[in-house]
Amino acid sequence: MSAREQAESVRWGAEDPSGLLEAALEGARADDFNCFVTVDTDASPGDDDGLLAGQPVAVKDSITTEGLETTVGSKILKGYEPVFDAYVVERLREEGATVVGKTNCDEFCMGSTTETSAFGPTRNPLDPSLVPGGSSGGSGAAVAAGHVDLALGSDTGGSVRNPAAFTSTVGLKPTYGLLSRYGLIPYADSLETVGPMTRTVEDCALLLSAIGGRDPRDSTSRGERKRYEPTGLDEPVRVGVIEELVEGSDDGVKREVRDAVSSLDDAGHDAETVEMEGLDHVVSAYYVLAMSEASSNLARYDGVRYGAGPNERGRYDEVFAKVRGDNFGDEVKRRIMLGTYALSEGYSDRYYRKALLARRLIADEFDRLFSKVDLLLSPTMPVEPFRLGEALEDPLRMYLSDVCTVPANLAGIPAISVPAEEGEAVGVQLMGPEFSEELLLDAAREVELVR
Ligand code: GLN
């Protein structure tokens with residue numbers, strides 16, 4: 001039964017929310033794949049009313065939950081219990097859902113595999129010797145393992161879509177500003193958003209409908225509350241296939257994505273090959289910008305205001321260095337150093353400003369392409385899931401695997417990953433112009449129907 005149908009039976013009184021919650025909590029407590037860093041054993045069943053009546057939801061640990069420990073996979077926030085809910089969590093509760101627990105993620109969302117978490121790696125339920133993708137790997141794995149039907153992730157450069165692809169689930173990165181970032185712990189504000197992760201496109205649409213709305217506490221919030229109900233496509237659409245991204249992918253990925261394209265073609269849609277300029281620069285531009293913003297954002301973890309504090313007193317600079325030295329992991333330290341360098345006097349023109357220019361070019365390139373086609377299609381990930389430990393040894397290789405996902409974050413446009421084949425760890429990514437979520441969800445539903 002889908003979450004939508006289940007919520008319906010709760011509203012009709014045919015299903016008891018406490019039974020649903022108990023089942024989800026049992027799965028979360030057993031947790032063979034290390035999906036959860038915190039399980040809310042005191043959680044009480046949601047209302048029998050609302051879009052998500054009685055639905056248990058797993059929430060990525062980058063999203064604040066009142067009174068429930070929130071660490072973003074970092075030792076530096078161990079013990080931090082936020083005093084407020086994120087906007088999207090407020091919305092979940094208002095629509096009758098219950099947060100069952102917080103899901104594991106790469107430390108401060110920096111990674112593509114959920115291995116940089118201070119609380120150990122998450123494993124892929126499709127094959128536990130593989131990573132689940134990242135950084136929202138705990139959310140993807142919790143859905144794939146069947147602990148929950150609905151989960152929230154966050155996506156700065158692919159962190160919702162990548163684990164969706166690797167765990168054969170659905171993940172949507174909405175238009176920048178569609179969802180409030182109030183209570184999303186920042187990594188790189190100008191790029192990131194919350195995103196729904198589910199087993200089906202229908203449930204993805206349901207979850208998006210529940211968490212939307214304008215929020216004055218986030219100055220970039222410009223969404224409207226809206227009900228999305230994808231049924232597939234009634235009319236043929238023009239789909240631009242970004243050939244360079246397909247061709248550059250591993251053989252298994254290439255095959256699956258080409259099959260999905262032929263199925264769309266057979267169903268009467270017009271799939272054509274397009275060339276996208278600037279793809280050579282997207283990964284470098286993304287990492288310069290993301291690391292620069294991260295170096296500034298993470299300055300707040302000084303051991304005084306949040307989480308891990310010093311045992312001994314001392315000079316502020318010494319305590320600051322010790323707390324950060326002891327509690328940040330290697331990947332986070334690498335990014336703070338590179339980001340600080342890219343912003344420093346004399347270098348910011350060479351790196352930061354150049355990256356901003358590249359970002360502008362990519363956004364213009366999307367505008368050009370969307371004047372010709374309705375949607376763009378590519379693989380979500382150019383590779384199949386790494387073996388556990390494999391990507392950590394080669395960070396550059398890991399960064400490069402973000403080539404298909406980062407363009408949408410640079411341009412602020414929506415993108416969805418849907419499994420090319422049920423149960424296969426290959427995602428088809430569809431991208432559309434700003435605020436084209438309705439079309440995107442319909443098209444993703446169409447991929448599910450024709451595959
Ligand atoms: N893998 C990318 C990074 O490490 C994206 C992560 C994300 O979207 N949070 O920055």
Side-chain angles (χ1 to χ4, degrees), residues 59-63 72-74 103-117 121-122 131-140 151-166 171-174 176 179 181 184-197 282-298 328-339 342 355 359 380-383 385-386 390-392 394-417 427 429 431:
V59 173
K60 185 182 184 181
D61 212 23
S62 59
I63 299 172
V72 207
S74 185
T103 55
N104 201 12
C105 57
D106 285 295
E107 186 175 7
F108 285 104
C109 308
M110 297 173 182
S112 308
T113 61
T114 313
E115 292 170 295
T116 70
S117 165
T122 296
V131 302
S135 64
S136 318
S139 289
L152 293 184
S154 57
D155 191 309
T156 312
S159 281
V160 158
R161 290 159 286 157
N162 159 338
F166 279 6
L172 169 72
K173 177 208 107 61
Y176 185 75
L179 298 177
R181 282 183 296 110
L184 171 63
I185 296 183
Y187 155 22
D189 312 54
S190 79
L191 298 157
E192 66 207 358
T193 165
V194 173
M197 302 181 72
V282 292
V283 172
S284 16
Y286 166 78
Y287 274 97
V288 168
L289 295 173
M291 291 181 190
S292 299
E293 291 186 33
S295 70
S296 156
N297 268 325
L298 269 57
F328 279 143
D330 289 347
E331 185 60 31
V332 172
K333 287 178 186 161
R334 169 162 38 232
R335 295 189 187 202
I336 293 174
M337 285 192 278
L338 286 169
R359 179 178 202 169
T380 306
M381 293 298 286
V383 294
F386 306 108
E390 192 184 332
L392 279 184
D394 191 352
L396 195 57
R397 180 162 162 234
M398 190 178 75
Y399 297 169
L400 287 171
S401 73
D402 293 335
V403 64
C404 304
T405 51
V406 296
N409 300 78
L410 289 168
I413 61 170
I416 190 167
S417 177
Q429 175 177 242
M431 293 174 272

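Numbers for residues simply follow the sequence, beginning at 1. Counting starts at 1 for both ligands and their atoms, following the listed order. Bear in mind that the values here come from a model prediction, so they are computed numbers and not experimental data.
Ligand 1 has R335 within reach: a non-hydrogen atom of the residue lies less than 4.0 Å from it.
Taking atom 9 (N) of ligand 1 as the reference point, the nearest protein heavy-atom neighbour is S159 OG, 2.7 Å.
An N or O contact shorter than 3.5 Å links G158 to ligand 1 by distance. For a threshold of 3.5 Å applied to N or O pairs, the pair formed by D155 and ligand 1 contains no separation below that value. Here's the thing with Y286: one of its N/O atoms is less than 3.5 angstrom from an N/O atom of ligand 1.
Within the 4.0 Å heavy-atom criterion, neither part of Y399 lies near ligand 1. Of all the heavy atoms of D402, the ones lying under 4.0 Å from any atom of ligand 1 belong exclusively to the side chain. Looking at K173 against ligand 1, nothing comes within 4.0 Å, counting heavy atoms. Counting heavy atoms under 4.0 Å from ligand 1, residue S135 touches it through the side chain alone.
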Next on the checklist: Would T122 and T114 count as a side-chain hydrogen bond (donor to acceptor under 3.5 Å, both in side chains) here? Give the steps.
Outcome noted: CA-CA 6 Å; T122 296; T114 313; 5.2 Å; no

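Side-chain N/O atoms of S139 and K60 include no donor and acceptor closer than 3.5 Å. Defined by atom type and a distance below 3.5 Å, a donor-acceptor pair is present between the side-chain atoms of S74 and E107.
Within ligand 1, counting atoms from 1 as listed, the ones closer than 4.0 Å to a heavy atom of G157 are 5 (C), 7 (C), 8 (O). The distance from ligand 1 to the heavy atoms of M110 drops below 4.0 Å at these ligand atoms: 4 (O). Under a 4.0 Å criterion applied to the non-hydrogen atoms of C109, ligand 1 contributes the atoms 6 (C), 7 (C), 9 (N).
The one candidate from S135, P385, S136, S112 that meets the side chain to side chain contact (heavy atoms under 4.5 Å, CB included) condition with N162 is S112.
A donor-acceptor pair under 3.5 Å links the side-chain atoms of E293 to the main chain of S190, judged by distance alone.
Atom-to-atom distance recorded for T116:OG1 and M398:CE is 7.0 Å, nearest 0.5 angstrom.
F166 and F386 have perpendicular rings, their planes meeting at more than 60° on a 0 to 90° scale where under 30° would count as parallel.
Atom CG of D330 is surrounded by 12 or fewer heavy atoms from other residues, nucleotides or ligands within 6.0 Å.
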